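Remember, predicted model here, so these are calculated numbers, not experimental data.
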Amino acid sequence: MKRSSVIILGCIALLLPFMGIIVAWRFFDKIIIDNAEFWYGYMAYFGTVLLAAVALFQNVCADEVNNRLIKQQLRQKIGYFELRKVHEQKRVLSLNHEIIQMNGYQEVKVENPTDCLGRSDISALPVMKICLKNVGEDVILNLDILSAKINEKDVIIPCSIKVVYKEEEIWFEIENIQIDNVNNLKIELFFRLENIAGIRYGQNIVIEARKFLDMVGNNEKSSAVYIVTGFGSSIDFLE
């Protein structure tokens with residue numbers, strides 16, 4: 001029950017005696033509004049209803065506070081993604097002889113996709129691979145990728161995984177990439193997630209990367225390694 005409902009019910013209860021006065025006047029031709037005993041009884045009735053309404057209002061307020069505290073506690077225990085970390089921060093020399101600050105995150109790779117057995121599929125077009133890790137305090141349920149962009153262009157990330165356990169690492173493969181001769185990347189990902197308690201939330205991830213190395217394999221399809229220079233993430237609760 002909401003606070004407004006308690007107030008409305010209390011007002012209706014206080015007006016019920018006056019409705020009885022109207023019924024007595026219209027159907028029985030009795031006027032009791034000037035009866036002193038009616039007003040004595042109504043004052044006692046008014047006090048009883050008012051006390052009951054105040055007590056119910058306080059209970060509703062206490063329930064709302066308790067529910068809010070419970071919801072905040074449930075929101076504190078969620079799973080969320082972060083780029084996998086593989087080394088400490090350091091500086092490296094890029095292909096163009098530029099100094100790049102490495103933040104310790106797993107490099108973003110452009111290479112052949114892998115099949116269900118983890119083998120490289122040399123017949124397919126290269127994909128961009130990003131490794132994300134669940135670093136939160138809970139399992140991620142009902143994983144859904146709502147959108148993905150590279151340098152403001154929409155891209156596709158096929159994903160059939162719905163459950164990601166704590167500390168589990170997932171390699172996401174972005175298809176149909178067009179980044180030939182592109183040195184700087186801005187990757188934007190938006191996930192919809194859920195924890196065990198049923199709290200639904202969204203996570204926005206922004207990855208900035210700089211090309212570090214170009215490679216050409218035996219199949220003459222280009223691949224590349226991008227060093228992560230920036231990483232940002234935010235959580236928005238949906239309910």
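Applying the salt bridge (Lys or Arg N to Asp or Glu O under 4.0 Å) criterion to E169, with sequence neighbours excluded, gives R84. Qualifying salt bridge (Lys or Arg N to Asp or Glu O under 4.0 Å) partners for K109, counting only residues two or more places apart in sequence or in other chains: none. Scanning for side-chain contact (heavy atoms from CB on, under 4.5 Å) contacts around K77 gives E137, D138, with sequence neighbours left out. The salt bridge (Lys or Arg N to Asp or Glu O under 4.0 Å) check on E167 picks up K133, with sequence neighbours excluded.
A heavy-atom distance below 4.5 Å is found between the side chains of L185 and M128. For the pair I150/I174, a side-chain contact is recorded, criterion being any heavy-atom separation below 4.5 Å from C-beta on. You'll find the side chain of L143 reaches within 4.5 Å of the side chain of C159, heavy atoms only. Contact annotation: the side chain of E111 never approaches that of P126 to less than 4.5 Å [non-hydrogen atoms, C-beta and beyond]. Contact of the R192 side chain with the L238 side chain is registered, since non-hydrogen atoms from C-beta on lie closer than 4.5 Å. Using a 4.5 Å heavy-atom threshold, the side chains of R210 and T229 count as touching. Side-chain contact check for V206 versus K186: some heavy-atom pair is nearer than 4.5 Å. Side-chain contact between Y226 and N183 is absent, with no heavy atoms from C-beta onward closer than 4.5 Å.
Judged by distance alone, with hydrogens and angles left aside, the side-chain atoms of N195 form a donor-acceptor pair with the main-chain N or O of A197 at under 3.5 Å. The main-chain N or O of V164 is found under 3.5 Å from a side-chain atom of N134 such that the two form a donor-acceptor pair. When atom types are taken as modelled, the side chain of N151 and the backbone of N184 share a donor-acceptor pair closer than 3.5 angstrom.
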Exercise for review: Evaluate the side-chain contact (heavy atoms from CB on, under 4.5 Å) criterion for residues L132 and L189: first the C-alpha distance (whole Å), next the side-chain angles of each, then the deciding distance (0.1 Å), finally the verdict.
Suggested key: CA-CA 11 Å; L132 297 180; L189 307 175; 4.3 Å; yes

Exercise for review: Give the C-alpha distance, both sets of side-chain angles, the deciding distance and a yes or no for side-chain contact (heavy atoms from CB on, under 4.5 Å) between D236 and Y201.
Suggested key: CA-CA 6 Å; D236 297 313; Y201 52 99; over 6 Å; no

Exercise for review: Mind running side-chain contact (heavy atoms from CB on, under 4.5 Å) on L141 and L193 for me, showing each step along the way?
Suggested key: CA-CA 6 Å; L141 302 177; L193 314 169; over 6 Å; no

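If you chain together hydrophobic residues whose side chains sit under 4.5 Å apart, I161 and F190 never meet in one group. In terms of hydrophobic clustering, with Ile, Leu, Val, Met, Phe, Trp and Tyr side chains grouped at heavy-atom distances under 4.5 Å, V127 and V225 are assigned to different clusters. Clustering ILVMFWY residues whenever any of their side-chain heavy atoms sit less than 4.5 angstrom apart, transitively, puts V182 in the very cluster that holds I207. Hydrophobic clustering of Ile, Leu, Val, Met, Phe, Trp and Tyr side chains at less than 4.5 Å, counting indirect connections, unites I157 with I205. Taking hydrophobic clusters as Ile, Leu, Val, Met, Phe, Trp and Tyr residues chained together by side-chain heavy-atom distances below 4.5 Å, V135 shares a cluster with V228.
Residues P158 and E173 approach most closely at CD-O, 3.5 Å, considering heavy atoms.
S147 contributes atom OG, which lies 7.5 Å from atom CG of D154 (distance to the nearest 0.5 angstrom). Distance CD/E194 to CD1/I78: 12.0 Å, rounded to 0.5 Å. Here CG of L50 is found 9.5 Å from OG1 of T48. Values are rounded to the nearest 0.5 Å. Put simply, OG on S233 and CD on Q203 are 3.5 Å apart, with the number rounded to the nearest 0.5 Å.
Applying the 4.5 Å side-chain rule to ILVMFWY residues, one finds that L51 remains a lone member of its cluster.
Identified under the ring pair (Phe, Tyr, Trp, His ring centres under 6.0 Å) test for residues 136-180, with sequence neighbours left out: F81-F172, F172-F191.
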